[in-house]
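A note on names: the letters A, B, ... follow the listed sequences, proteins ahead of strands, and every chain is numbered from 1.
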Number of protein chains: 2
Amino acid sequence: MPSPARHSRRSGCPISIALETLGDGWTLLIVRDLMFKGRKTFKEFLQAEEGIASNILSERLQRLESVGIVVKLRDAQDARRYVYRLTEKGMSLAPVLLELVLWSAQFERTDAPPAVVRAMRADREAFIASARHAWKAAQRS
Amino acid sequence: MPSPARHSRRSGCPISIALETLGDGWTLLIVRDLMFKGRKTFKEFLQAEEGIASNILSERLQRLESVGIVVKLRDAQDARRYVYRLTEKGMSLAPVLLELVLWSAQFERTDAPPAVVRAMRADREAFIASARHAWKAAQRS
DNA sequence: CCGGATCCGTTTCGATACTG
DNA sequence: CAGTATCGAAACGGATCCGG
């Protein structure tokens, strides 16, 4: 979706940057998986139930890296592997993702909302705080 | 982006419905314009600075209508025209949009954040409440 | 094996032109 | 004014190949 982002000057409500990065559905899924599902390797993203193709995943990860939302690092445990992590900028998307998940949960036809959703709904601030806490903890590893 | 939405069953964090509707950048812009900028006619959307093409706009509006986010009505003032309005479901997207706009504003390189953004930042609840109030007021017209 | 890159047929998008 | 029709460009995604 190149066009709406191009002519973004002086918009009353900025949103174009979000469009460039999140306007793509796959990207949104990757960020959600990073933030809430603990996925971090190429393979884990590939195996996500939505079924992304490897070339698409590769491209999206590169783009996320280039806009500073994720970083690619060597796995500390296994130096042959890579792990992807959200940056601070990436983590700052938490409120957006949380609202998005909550909104979706309202209309998704599931018998019972998953525990994650219930935790989010109960206390948004607390949920974001704990996600950030987990993120910081994983930092040192 | 057809695929991620197709296999959406039993996701730990629902988001697929949001992907179907908001995963497209143009759609996001339309909803933002409806919610925060008071745009409501086909022409007003067309004239938005981002420059959407008429066929794209048409298709996106139809899709938004089919998923129950907007309704298409005759203009009460001028019966020859149509106006598009957010439904209750559409308005329930307000928190998502607000967080999205706030996040974008952080990284958008503008000299001063527009008044809207400052108002949002100051009090999110109040901003959403007033947006909803304006929406209800416009209902009776 | 893992993390991609490349190729290529198919689908979708979107700018422009056109119509009721 | 509010959309359709057309048609080239771009994106998608499955298969396959490659370096470590």
Heavy atoms of G38(B) and E44(B) approach each other most closely as O-OE1, 4.2 Å
Expressed as a whole number of angstroms, how long is the span from L46(A):CG to dC12(D):C1'?
15 Å
Minimum heavy-atom separation for Y84(A) to L34(A), with atom names?
O-CD2, 3.3 Å
Could you tell me whether the side chain of S54(B) has a donor or acceptor atom within less than 3.5 Å of a complementary atom in the base of dA15(C)?
no
Does a distance-only test, which skips hydrogens and angles, find a donor-acceptor pair under 3.5 Å between the side chain of N55(A) and the base of dG4(C)?
no
If the cut-off is 4.0 Å, is Q62(B) near the phosphate of dT4(D), judged by side-chain N/O to OP1 or OP2?
yes
Rounded to whole angstrom units, what separation is found between the OH atom of Y82(A) and the C1' atom of dA5(C)?
14 Å
Could you state the atom-to-atom distance from CD1 of I56(B) to P of dT4(D) in whole Å?
13 Å
R60(B), nearest nucleotide to its side chain (from dC13(C), dG3(C), dA15(C)):
dC13(C)
Report which part of the nucleic acid E44(A) touches: base, sugar-phosphate, or nothing (heavy-atom distance under 4.0 Å, all strands).
nothing
Distance in angstrom units between L29(B) CG and dC13(C) C1', rounded:
15 Å
Quick one: do R39(A) and D33(A) make a salt bridge, cutoff under 4.0 Å?
yes
